[in-house]
Asks: 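Right, I'll just put the structure down here and ask away after.
Remember, predicted model here, so these are calculated numbers, not experimental data.
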Amino acid sequence: MSIPLELLAPARNLECGIAAIEHGADAVYIGAERFGARAAAGNSVDDIAELCRFAHVYEAKVYVTVNTIIYDDELNGTQELINRLHSAGVDAILVQDMGILSMNLPGIALHASTQTDNRTVEKVAWLASHGFGRVVLARELSLDEIVAIHRAVPGIELEAFVHGALCVSYSGQCYASQYCFGRSANRGECAQFCRLKFNLEDADGRVIERGRHLLSLKDMCRIDNLEQMADAGVTSFKIEGRLKDVTYVKNVTAAYSLRLNEIISRSNGRYRRASLGRCRYSFTPCLEKTFNRGFTDYFINGHRGKMASPDTPKATGEHVGLVKEIRGGSFTVAGTASFANGDGLCFMDDNRNLVGFRVNRVDGNRIFPFKMPSELKRGTELYRNGDRAFEKLLSHKSAERKIPVVMRLEAVAGGFRLEASVSGAAVASVTAEAEIQEAVRPQRENIEKQLAKLGNTPFECTGVELRPSDFNFFIPSSRLADMRRKVTEQLAGELSASHGNNGCTPVSRYCRQVCGMPQDEHAAGSWLLNVSNHLARHLYEDEGMTAVDDAFELRQPDELLLMQCRYCLRYALGHCVKRGGSRPSWHEPLFLCLPDGRRFRLQFDCVKCGMNVYAVK
């Protein structure tokens with residue numbers, strides 16, 4: 001049996017969600033009014049219900065993020081929201097707070113958000129034993145680690161990020177924003193501490209790096225790793241970006257959808273797409289043309305390559321050539337790129353600061369900026385982070401998604417019967433009473449033409465069958481059009497009705513399979529469990545934990561561990577002796593220092609190959 005592969009795209013709003021489906025997504029994830037890990041990306045339940053109706057016709061799914069930690073006075077509101085989402089037809093909810101497991105949940109599938117810090121076999125097994133049908137893996141995992149999880153817990157679906165912005169800390173384990181700005185990442189209010197500019201100092205106060213974005217990572221791009229990830233056990237490929245605009249969603253979704261289709265076409269039936277429909281695009285997707293800080297495949301193939309973007313946390317975009325000649329208020333570019341009025345260009349100056357400017361006029365490869373940057377020099381590497389022509393193309397309808405359908409018309413007692421079928425998915429039929437009259441002229445060509453006119457429906461006709469084979473009866477075109485309209489409406493309804501809420505059995509309290517609380521990265525009772533309500537506390541206490549600590553957001557712990565990272569500055573600076581780097585001359589511990597004087601101590605955990613960031617009081 002073929003394994004369904006799912007491309008999961010972000011939806012900031014209803015418009016983005018529909019665009020994602022139209023451009024090839026098999027599923028979308030979207031935030032509701034509250035309790036989503038992007039507080040700025042909330043949507044009404046009515047809009048989510050409309051998205052479900054649109055998506056389910058294509059057998060695509062809609063997942064809703066309910067993945068913040070929840071306070072006691074919010075539990076009733078969360079329960080009510082989940083019930084409303086279930087009634088709206090949502091296919092699953094993404095969960096961080098374990099208190100949700102103790103609610104009286106409807107029959108809706110549970111996905112463990114990446115905010116639950118899913119990086120070990122033990123943690124994934126524990127989540128599976130508590131009713132979760134899917135786990136969103138930590139972004140930092142390698143292929144070998146994913147394989148190990150899949151082999152140990154084969155019954156749970158594995159979802160993994162493949163594209164978009166990266167947090168330097170393991171998700172759910174970052175408290176820097178809460179500590180520094182009173183804005184909790186676990187409440188959807190991250191202030192992007194990791195994008196700030198730091199000095200790096202050693203124990204003697206010596207400045208090793210000055211004024212650099214040392215924790216700011218490049219964006220993830222794993223489009224060349226999809227097949228390896230599928231073979232490792234990943235079935236859902238997730239694009240980050242619930243704060244991104246619709247052009248980002250269109251471009252990135254289309255690029256990954258096309259690549260998945262290539263993988264499936266050469267898999268000899270091993271893989272298939274998880275939803276229905278064929279997409280046609282009026283543009284050629286190009287990942288470099290939408291927001292990016294440069295790309296990294298992160299740790300999917302182990303600890304290798306440059307993962308950070310320390311010079312700037314802003315988008316640099318695509319490389320478009322070198323500055324060849326500067327003349328007065330214009331310059332020429334050596335390269336193959338073509339430019340348009342209004343393009344946004346940028347470059348790094350001699351101090352490694354990003355300088356951006358807007359194109360006013362273009363004459364071939366000669367660029368006339370609105371204001372000529374004084375720092376621009378001959379030989380400067382030039383990047384485009386705003387492609388006006390590409391953005392204009394994507395601002396209009398840029399894709400069409402159609403489900404192949406076969407139409408069958410036959411004469412029956414008292415009239416005609418029209419059947420429309422989608423292979424392996426649904427069948428609909430309508431019957432029209434009519435007098436069966438032999439036609440004077442051949443009717444096949446007109447009948448086929450009329451039945452194939454599927455217009456703005458989700459369907460395209462790939463074949464018309466007439467029965468009996470010598471079918472030559474007269475049917476008015478208006479009657480054919482009416483039957484065609486009714487049968488396609490019914491078919492869309494059949495597809496949608498057969499798809500919604502195919503979730504798990506309702507989870508009342510939580511499943512009592514024997515698994516035990518994972519004791520790997522979390523000490524028993526630790527505040528790192530992010531317990532912020534009595535339901536979550538009781539769950540852990542029922543599993544044998546005592547004195548479960550409050551979440552960081554409720555009570556600041558004595559030990560201020562703000563981040564746990566696999567990304568390591570010792571390695572990034574070329575001084576990881578364990579991996580062939582040179583022995584550093586600095587004296588540890590090292591400190592990250594903000595301009596306002598706040599300091600953060602680095603601890604290098606070479607046993608686990610990681611780096612921890614502590615606040616210095």
Side-chain angles (χ1 to χ4, degrees), residues 164-165 192 194-199 207 209-219 221 241 243-248 250-252 255 283-296 306 308-396 398 594-595:
Q192 295 197 314
C194 59
R195 304 297 180 189
L196 298 178
K197 187 180 287 189
F198 299 94
N199 286 351
V207 178
E209 296 282 341
R210 186 182 300 277
R212 304 195 76 198
H213 303 272
L214 295 170
L215 298 180
S216 183
L217 300 182
K218 295 179 180 180
D219 287 1
C221 180
L243 296 179
K244 295 294 197 300
D245 62 19
V246 70
T247 59
Y248 174 95
K250 287 180 176 183
N251 184 35
V252 178
F283 69 104
T284 301
C286 178
L287 295 175
E288 289 78 13
K289 287 184 180 293
T290 43
F291 186 100
N292 72 85
R293 302 175 177 90
F295 289 129
T296 171
K306 293 182 178 180
S309 177
D311 294 324
T312 178
K314 298 178 181 179
T316 52
E318 61 175 330
H319 183 263
V320 290
L322 299 174
V323 175
K324 183 178 180 181
E325 175 207 20
I326 298 177
R327 185 195 309 160
S330 67
F331 63 93
T332 56
V333 179
T336 59
S338 58
F339 301 91
N341 299 349
D343 277 357
L345 303 179
C346 60
F347 63 94
M348 288 291 177
D349 67 14
D350 291 342
N351 296 317
R352 302 304 296 167
N353 293 316
L354 187 69
V355 178
F357 61 96
R358 187 70 65 177
V359 173
N360 181 43
R361 183 166 62 88
V362 176
D363 183 6
N365 68 337
R366 180 165 290 279
I367 307 296
F368 296 82
F370 278 98
K371 182 179 179 181
M372 187 71 180
S374 60
E375 306 91 337
L376 196 65
K377 297 179 180 180
R378 186 174 181 273
T380 297
E381 300 273 359
L382 200 63
Y383 296 83
R384 175 163 50 195
N385 54 10
D387 188 322
R388 177 57 63 88
F390 192 72
E391 291 167 1
K392 184 177 180 180
L393 193 60
L394 290 181
S395 68
H396 304 294
S398 48
L594 286 172

Asks: I'd like to check the salt bridge (charged side-chain N to carboxylate O under 4.0 Å, His left out) partners of Lys218; sequence neighbours left out, ordered by chain and number.
Replies: none
Asks: Among all residues two or more places apart in sequence or in another chain, which pass the side-chain contact (heavy atoms from CB on, under 4.5 Å) test with Val207?
Replies: Glu201, Arg210
Asks: Among side-chain atoms of Asn385 and Thr316, is any donor-acceptor pair under 3.5 angstrom?
Replies: no
Asks: For Tyr248, what residues pass the ring pair (Phe, Tyr, Trp, His ring centres under 6.0 Å) criterion, not counting sequence neighbours?
Replies: none
Asks: Can you list the residues that meet the side-chain contact (heavy atoms from CB on, under 4.5 Å) rule with Leu322, with sequence neighbours excluded?
Replies: Glu381
Asks: Return the set of residues passing side-chain contact (heavy atoms from CB on, under 4.5 Å) with Glu288 (not counting sequence neighbours), or none when no residue passes.
Replies: Cys286, Phe295, Glu318
Asks: Show me the pairs that pass salt bridge (charged side-chain N to carboxylate O under 4.0 Å, His left out) and involve residues 321-336, at least two apart or across chains.
Replies: Glu325-Arg327, Glu325-Arg366
Asks: Less than 4.5 Å apart, any side-chain heavy atom of Leu287 and any of Cys221?
Replies: yes
Asks: By salt bridge (charged side-chain N to carboxylate O under 4.0 Å, His left out), which residues pair with Asp311, not counting sequence neighbours?
Replies: Arg212, Arg352
Asks: With Asp343, which residues qualify under salt bridge (charged side-chain N to carboxylate O under 4.0 Å, His left out), at least two apart?
Replies: Arg384
Asks: Under the side-chain contact (heavy atoms from CB on, under 4.5 Å) test, which residues partner Lys314, sequence neighbours left out?
Replies: Thr312, Leu354
Asks: Out of curiosity, Leu214 CG to Leu196 CG, how far, rounded to the nearest 0.5 Å?
Replies: 11.0 Å
Asks: Mind checking the CZ-OG spacing from Arg388 to Ser395? Nearest 0.5 Å is all I need.
Replies: 10.0 Å
Asks: Would you compute the distance between atom CE of Met372 and atom CZ of Phe331 and round it to the nearest 0.5 angstrom?
Replies: 6.0 Å
Asks: So, taking the atom named OH in Tyr383 and the one named CZ in Phe347, what distance separates them when rounded to the nearest 0.5 Å?
Replies: 12.5 Å
Asks: Ignoring hydrogens and geometry, is there a side-chain-to-backbone donor-acceptor pair from Asn341 to Val362 under 3.5 Å?
Replies: yes
Asks: Between Lys377 and Asp349, does any NZ, NE, NH1 or NH2 come within less than 4.0 Å of an OD or OE carboxylate oxygen?
Replies: no
Asks: I'd like to check Phe198 versus Pro595 (side-chain heavy atoms, cut-off strictly below 4.5 Å). Are they in contact?
Replies: no
Asks: With a 3.5 Å distance limit and no angle check, can you tell me whether Asn292 reaches the backbone of Gly294 through a side-chain donor-acceptor pair?
Replies: yes
Asks: Do Asn360 and Lys371 touch side chain to side chain, with heavy atoms closer than 4.5 Å?
Replies: no
Asks: Identify, with sequence neighbours excluded, every residue that meets salt bridge (charged side-chain N to carboxylate O under 4.0 Å, His left out) alongside Lys197.
Replies: none
Asks: Determine whether a donor-acceptor pair (N or O, by modelled atom type, separation under 3.5 Å) exists between the side chain of His213 and the backbone of Arg195.
Replies: yes
Asks: Can you measure from NZ (Lys392) to OG1 (Thr247) and round to the nearest 0.5 angstrom?
Replies: 15.0 Å
Asks: Does the Asn365 side chain pair with the main chain of Val333, one donor and one acceptor, at a distance under 3.5 Å?
Replies: yes
Asks: Which pairs with one or both residues in residues 354-365 pass salt bridge (charged side-chain N to carboxylate O under 4.0 Å, His left out), sequence neighbours excluded?
Replies: none
Asks: Could you pull out all residues at least two apart from Asp219 that satisfy side-chain hydrogen bond (donor to acceptor under 3.5 Å, both in side chains)?
Replies: Arg293
